[in-house]
Structures are given as C-alpha cells and as structure tokens.
Amino acid sequence: MNISQPQDIVPLDNILPEEPLLMMGAGPVPIPARVAQANSIVINHLGDTLARVIEQVKQMSHYVFQTNSEHILGVAGPGSAAMEMAIVNLVMPGDTVLSICNGFFSNRLSEMAERNEAKVIRHQVPDREFATVEQVAALIEKHKPRILTIVQGETSNTVFNRYLPEISQLAANRDCLVIVDAVCTLSTMPLDMDGWGIDAIITGGQKGLSSIPGVSLVAFSEKAWDVISSPERKIRHWCLDAKLADMFWYKKSYHYTAPVSGILAIHEALRLICSETLPGRFKRHLNHSIALQNAIEAMGLKLYVPPEARLNSVVGIVVPENIESSEVLAYMSQRYRVEISGSFGPRIVRIGQMGEQSRAHNLFRTVHALGSSMKANGGVVNLPAGVAALESTLEAFSFGPAAQ
Ligand SMILES: *Cc1c(COP(=O)(O)O)cnc(C)c1O
C-alpha cells in the first residue's frame, strides 16, 4: 500500500451546478423525466422481466427504424460502438468499401473500415454540400464496392445527405450493402430502412432518441444478416460480434451483462416516440428547426449551410469575424445556463434540434441566451427581431408555445 488515500475529493454536489444547464448543443440532449427515472433502476439482466422489456424495445424499433428485420441489436457503448459493430460485422479484410465523407463522423466510418483492412474509396464531398446521385453512381460503377457507408445527417458541419434514399437504392441494386449513420437523425426526420433498401442503421442514445449516452442500437437487414451468419465468418471482436449479441437479443441467453438501466431508459425513449407517432415527431422537429433558423437570420446572423443541404437536426450558425465563439459559449453557460456547441473545424456554433431540444420553451431560452451573449461579446444582433421571428414562425405552424 504505497499509494495513499486521496484527501481532496468532494461530493458530486460540490461539482455539479445546483441547477442543471439546458443542453442545446450537438448532444447529449435533455432527457424526459420518464427516461431519467427508468435509468435509475437496476434489475436482473436475465430473466422474464428484462425479456419482456427487450421484446418491446425490438417491437418499437421496428416502427422507429421502419423495418421488419428481426436483427435489431443493442450495444453497450456510444454511437461509435454501434458504428463499429456495423463495420466489423459487415466489412472483411480486402473488401472494397465506398465511404461517402461529408465530415467528422462519416470520416470516422471510413477510418473504421480501414482499420478493418478494407480497401476504402473515400468520396470527399465538398463542405456544405450533399453527395449527389450521379457522383455516387459513377463511383459504384467504377469501384464495384461491397459496402457503402454514408451519414444521413453530418452533425459536425450540419450537412444533410438529402439523396440518401436514391443512393441507398442505387447501391442495393448493385449488390452493395449500405450502412447508414443515423445517430442524430433517427426519429427526427424520415428514414425508411426497408423502403430505401438499407442494410444497417446505426444510432446512439443521446441524440435523436433523447435517451442517455452509452446504450445504442443497430438494425441489420435480412440481406446483411445472411452475410453475417455465414459460417466461415470470423469476427475478431468479441463484445461487438453480432452473432453473440443475437444470443442475448433474440435467444434470451447471456452475452455480456446488459446495461439494464440504459435499456430501460431507451425503452421509455422509444415508447414516447411511438406514442407521439413518427409523423407527429417529424413535424415537430421540422417546424421547430425552421423557426430557429428564421430566428437566427432575423437576428442578423448567418446559417452555415445553404437551404438545400441544410440539416434540421443540428443547426450551424456562422460566428461573425469580430467575435470569439468560446467567449460566447462560456457567457451563455455562465449567465444563462444554456449550453450549445462550438465545432471541430468551421467557424460556427451549433444548436441541436433533437428530441427534447425541439420544444418551444427551450428554443425561446436558447435564442435569447445566444443573442444576448453575442451582444455582450461585441456582436451586432437584433435580438427582439429574432425572438419575434421565432414566435411568428411557431404560430404560423400553429405550434405556439402553449402547444409546445
Ligand atoms: C454523435 C455522433 C456519432 C458518435 O456518437 P458517440 O456517441 O459520440 O460515439 C456518430 N455519428 C453522428 C452523426 C453523430 O452525431
């Protein structure tokens, strides 16, 4: 015993703010009370109670992913673990993988494929643009990839791949498996796994679904499962082996101790999505995001991405030349207890519109906090015009604050 007991540890109450910050950045997002409550429970990871919960999680996932596939698996880990699960189970050494790269997260998929010893063809899409069907068609024709990876919404630079349905179909017709990262978009905008011919959809807990970070879902198509379950396949990963995960998710047996609390949380998150219905949820997200975008422009600020390539789930705002974004973000947190995100690259700040972020009361607080903090840090913004635009857009959608 050479290492002595630490003397300066304080309880969490001394570290966490008395009132939590409103999380309006690129994730994690605020969670509904039901989700938080579920997350505080620990039950047996095997047995009938959790089995019933898992049954319902799969049933609800059929709806949320829009798939009849019986290969929906949970993973104890971040969205990146779900990405890795899709990659390591579908990509074998030597496979040609076409990666549509729009930014940070879609690049991560290509990096994972490369680490798996695939021959990776990167299609670098220019910043603030989506991938076009013609470009992707030509690349598929030329390289004949076995797998294509693509992000529906690129959280890092707020770009939306609007032609995902066409690109997926195109690949499916060429016998190329399609892996889609929908971490920030699932349940916030249309995504039709079976209808669009997608073979794997990845999501995390803490963004579109408004659950906790650390428990994620992956849905594989029947076609993907045929590949995965062929007997000669050897997966080097043990935790991420889909065939082993299937033991827990479909055969009521043990793989590893499931993150029970997080599964209960995601159950509640999915239940709230199902009761809201997908069309209702898409409309709420669209309307609130448009209202936010109108408010930003009415204040005199610029949106980073042109409308046709703009993601609604995460909104990128250009930081004016004379303003230091880190100062604005710090001011917003300290003064208004609202947290939004900076960025890894472009001079932007990002406001999330995922799950509980997409509520009128949260938007009024965020728009006010951003405008006021910009002003305090030397920005010229018309805050009243921004708030008015937010209000009038929401009202035009008959989605006023009272209706939330
Ligand atoms: C956040 C995010 C990820 C990664 O999720 P983690 O939980 O941070 O691993 C992947 N893809 C997209 C589009 C994301 O927004």
Side-chain angles (χ1 to χ4, degrees), residues 23-31 35 39 65 73-88 99-113 115 125 127 130-131 148-162 164 167-168 178-189 191 198 200-219 237 239-240 259 262-263 265-266 269 285 289 304-305 309-316 339-346 348-358:
M23 301 293 284
M24 293 296 286
V29 311
I31 54 174
V35 173
N39 186 50
F65 287 87
L73 306 172
V75 51
S80 301
M83 293 162 88
E84 201 143 42
M85 190 160 183
I87 296 287
V88 303
S99 278
I100 312 301
C101 294
N102 295 85
F104 195 77
F105 290 112
S106 37
N107 286 343
R108 185 176 292 177
L109 277 172
S110 69
E111 193 191 322
M112 286 175 175
R115 284 179 179 226
V125 182
D127 194 30
F130 48 72
L148 179 145
T149 67
I150 185 167
V151 68
Q152 184 177 31
E154 178 58 69
T155 317
S156 62
N157 57 4
T158 70
V159 163
F160 168 44
N161 269 322
R162 127 177 341 271
L164 175 62
I167 289 170
S168 301
V178 180
I179 301 177
V180 175
D181 176 342
V183 175
C184 77
T185 50
L186 190 75
S187 87
T188 75
M189 63 171 60
L191 179 55
I198 298 169
I201 294 184
I202 297 149
T203 197
Q206 76 277 18
K207 298 194 193 172
L209 299 183
S210 246
S211 184
I212 59 152
V215 176
S216 306
L217 296 170
V218 193
H237 295 254
C239 286
L240 296 177
I263 290 176
I266 221 165
H285 280 85
S289 185
Y304 184 60
V305 176
R310 189 180 298 154
L311 181 63
N312 288 321
S313 318
V314 186
V315 175
E339 199 136 283
I340 65 169
S341 300
S343 102
F344 311 116
I348 58 174
V349 292
R350 294 171 299 155
I351 297 178
Q353 280 300 281
M354 298 175 280
E356 291 308 297
Q357 295 177 321
S358 187

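If you're wondering where the values come from, they're calculated on a predicted model, not measured in any experiment. In listed order, ligands and their atoms are each counted from 1.
With respect to atom 5 (O) of ligand 1, the closest heavy atom belonging to the protein is G79 CA, 3.6 Å.
Within the 4.5 Å cutoff, no side-chain heavy atoms of H285 are placed close to those of S313. A heavy-atom distance below 4.5 Å is found between the side chains of I202 and M83. By the 4.5 Å heavy-atom criterion applied to side chains, V29 and E356 are not counted as neighbours.
Atom CG of L217 sits about 9.0 Å away from atom CD1 of I263, to the nearest 0.5 Å. Atom CD of Q357 is separated from atom OG of S289 by 10.5 Å, given to the nearest 0.5 angstrom. For the atom pair CD1 of I167 and CD of Q152, the computed distance is 11.5 Å after rounding to the nearest 0.5 Å.
Listed by number with element, the atoms of ligand 1 under 4.0 Å from a non-hydrogen atom of G153 are 13 (C). Taking every non-hydrogen atom of S80 and a distance limit under 4.0 Å, the qualifying atoms of ligand 1 come out as 4 (C), 5 (O), 6 (P), 9 (O). Of all the atoms in ligand 1, the ones that sit under 4.0 Å from a non-hydrogen atom of T155 are 12 (C), 13 (C), 14 (C), 15 (O). If you number the atoms of ligand 1 from 1 as listed, the ones under 4.0 Å from a heavy atom of M83 come out as 10 (C). Counting atoms of ligand 1 from 1 in the listed order, those under 4.0 Å from a heavy atom of K207 are 1 (C), 2 (C), 3 (C), 14 (C), 15 (O). Applying the 4.0 Å criterion to heavy atoms of P78 picks out, from ligand 1, the atoms 6 (P), 7 (O), 9 (O). Residue D181 has at least one heavy-atom neighbour below 4.0 Å for each of these atoms of ligand 1: 10 (C), 11 (N), 12 (C), 13 (C).
In this structure, a donor-acceptor pair under 3.5 Å is present between the side chains of N102 and N161.
Heavy-atom distances between Q152 and ligand 1 stay at or above 4.0 Å for every pair. Put simply, part of Q206 is less than 4.0 Å from ligand 1, judged by heavy atoms.
For V183, no nitrogen or oxygen atom sits less than 3.5 Å from a nitrogen or oxygen atom of ligand 1, counting backbone and side chain alike.
Taking the six-membered ring where the residue is Trp, F344 and F105 present perpendicular rings, their angle passing 60° and hence far from 30°.
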